[in-house]
Amino acid sequence: MSGYTGREKPSGPGVSAAVGIFITFEGCDGAGKTTQAKLLATKIGQTREVLSLYEPGGTSLGELVHSYVRSHGSGEISEATVGQARFDGMKDFDARVDPIAELFLFAASRAQLVSERIRPALEQGNVVICDRFADSTAAYQGYGRELSIEQVDKMNDVATGGLKPDLTILLDILPEDGLARVPEKKDRMEKQAQDFHRRVRDGYLTIAEQDPDRFLTLDATQPAEEVQAQIWSRVEKLLHPEAAQRLL
Ligand code: TMP
């Protein structure tokens, strides 16, 4: 199964049927991904084993990267929490972290998550739902930070070993509307300028246009129940392709 990409499912006599389904959620901050990912996991979990993950995180290494994203620039790191000496060394951390170094941090977190949690779950035939995945790096570090898209794609490929989601749900929202929904205490990425978030949103739409079979793009300003119903209608077909085929 090591060559399994998430889309090229093995078939034919003698091939194990234990191949899972990999679903990711993407979108700008405040689009409602976490809420919809949880709702979907609960619904699928009624009939099937589901592993719910988020990025960056889900492994010890991933949580380190998560704390970097959450803390720096948010004011959570203070003299009181880390001590005077460390604080002096860290307070210009934001300015000193090179975009390429940031790209490597997200890639490291993803490589660990894929090998430690995602592949084993898919190999057992489970459904894996991940709140953000490689498209986040393409959108934020590629389009947002304006790194070379080609380099980011290559890095993603190395980190995932070529694993691609079966379905990516893009919850689309204007960055200003999304950011208005997130709590006052913004993290390192949320604190970026409006232009940055516009580029991220446009980047997502471009990525989705380039891979229409994998992406389901939804208007995230609709009521949550409406978004949930649209997601379910697509996921149901993924879970029961034979039934969907019969209806054609
Ligand atoms: P979240 O936990 O609120 O989704 O925050 C994660 C932040 O990290 C979010 O602003 C997007 C950003 N991010 C990247 O810039 N690149 C990545 O590859 C990932 C996974 C997240």
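Given the structure is predicted, the values throughout are model-derived calculations rather than measurements. Just so you know, ligand 1 is whichever comes first in the structure, and atom 1 is the first atom listed for that ligand.
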Has ligand 1 got any nitrogen or oxygen that is less than 3.5 angstrom from a nitrogen or oxygen of Gln141? yes

Please report the C-alpha distance between Lys164 and Asp135 in whole Å, then the side-chain angles of each, then the deciding distance to 0.1 Å, and finally whether the salt bridge (charged side-chain N to carboxylate O under 4.0 Å, His left out) criterion is met. CA-CA 10 Å; Lys164 292 238 188 295; Asp135 298 308; over 6 Å; no

Evaluate the criterion side chain to side chain donor-acceptor pair (under 3.5 Å) for residue pair Tyr204 and Thr217; output intermediate values, then yes/no. CA-CA 10 Å; Tyr204 266 133; Thr217 304; over 6 Å; no

Glu176 side, atom CD; Cys28 side, atom SG - distance, nearest 0.5 Å: 9.5 Å

Heavy-atom nearest neighbour in the protein, as seen from atom 5 (O) of ligand 1, with distance rounded to 0.1 Å: Asp187 OD2, 3.7 Å

Against ligand 1, does Arg110 come closer than 4.0 Å with any heavy atom? yes

Give me the residue, atom name and distance of the protein heavy atom closest to atom 21 (C) of ligand 1. Phe106 CE2, 3.5 Å

Answer with yes or no whether His66 contacts ligand 1, where contact means a heavy atom under 4.0 Å from a ligand atom. yes

Can you tell me which residue among Phe106, Phe22, Phe25 is in a ring-ring contact (aromatic ring centres under 6.0 Å, His included) with Phe133? Phe22

Note the single closest protein heavy atom to atom 12 (C) of ligand 1, along with its residue, its atom name and the distance in Å. Met189 CG, 3.5 Å

Tell me whether Lys33 has any N or O atom under 3.5 angstrom from an N or O of ligand 1. no

In ligand 1, the atoms that come under 4.0 Å of a heavy atom of Asp29 are 9 (C), 10 (O)

Closest non-hydrogen protein atom to atom 18 (O) of ligand 1, residue and atom name please, with distance? Thr137 OG1, 2.5 Å

Between Glu49 and Gln124: side-chain donor-acceptor atoms closer than 3.5 Å: no

Would you mind telling me which of Arg132, Arg199, Arg145 makes a side-chain hydrogen bond (donor to acceptor under 3.5 Å, both in side chains) with Tyr140? Arg132

Look only at interatomic distance and state if Tyr140 has a nitrogen or oxygen under 3.5 Å from any nitrogen or oxygen of ligand 1. no

Between the side chains of Gln228 and Gln36, is a donor N or O closer than 3.5 angstrom to an acceptor N or O? no

Looking only at protein heavy atoms, which one is nearest to atom 4 (O) of ligand 1, and what is the separation? Arg132 NE, 2.9 Å

Atoms of ligand 1, numbered as shown, that sit under 4.0 Å from any heavy atom of Val69: 7 (C), 8 (O)

Using a distance-only test with no angle check, is there a side-chain donor-acceptor pair under 3.5 angstrom linking Glu55 and Ser109? no

Under the side chain to side chain donor-acceptor pair (under 3.5 Å) test, residues paired with Gln151 that sit two or more places apart: none

Which residue supplies the protein heavy atom nearest to atom 3 (O) of ligand 1, what is that atom called, and how far is it? Arg70 NH1, 3.4 Å

